[in-house]
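Reading through the structure tokens given below for one structure.
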Amino acid sequence: MSYARVFDVRSAVETVAAHENCAFLAGGTTEVDLVRLGVHGPDLLVDIDALPLGEIEELPGGACGSARSRA
């Protein structure tokens, strides 16, 4: 498994589009626990914690992110 940290939305989209089996990783996620338990095994984890997004919603034509404020 590989890891990539991205710092802008364009890089996140390009990184995910270039890999077939990947997952997003952000603060507060259980993704790492699922990988450790063997429940989920992506080839690439894309860390999007640095992005100014509040949530990502999967839509029929792709994904859409909304802004968040950092405390």
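Since the model is a prediction, treat every value here as computed from it, not as a measurement. Positions are given from 1 along the sequence.
- By the side chain to side chain contact (heavy atoms under 4.5 Å, CB included) test, Ala4 is found to be paired with Thr15, Leu44, residues two or more places apart in sequence or in another chain being considered.
- The minimum heavy-atom distance between Pro42 and Met1, with the atom names listed, is O-CG, 3.4 Å.
- Here His19 pairs with nothing under the side chain to side chain donor-acceptor pair (under 3.5 Å) rule; sequence neighbours left out.
- Residue Ile48 holds its CD1 atom at 11.5 Å from CZ of Arg5, rounded to the nearest 0.5 Å.
- Here Val39 sits in one hydrophobic cluster together with Leu34, Leu37; the rule is ILVMFWY side chains under 4.5 Å apart, joined directly or through other members.
- Residues Leu45 and Phe24 form no side-chain contact, since every pair of their non-hydrogen atoms from C-beta on lies 4.5 Å or further apart.
- Residues in residues 37-48 take part in these side chain to side chain donor-acceptor pair (under 3.5 Å) pairs, two or more places apart or across chains: Tyr3-Asp47, Glu31-His40.
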Could you give the side-chain donor-acceptor pairs of residues 6-14 under 3.5 Å, partners two or more places apart or in another chain?
from, atom 1, to, atom 2, distance (Å)
Asp8, OD1, Arg10, N, 3.2
Asp8, OD1, Ser11, N, 2.7
Asp8, OD1, Ser11, OG, 3.0
Asp8, OD2, Ser11, OG, 3.2

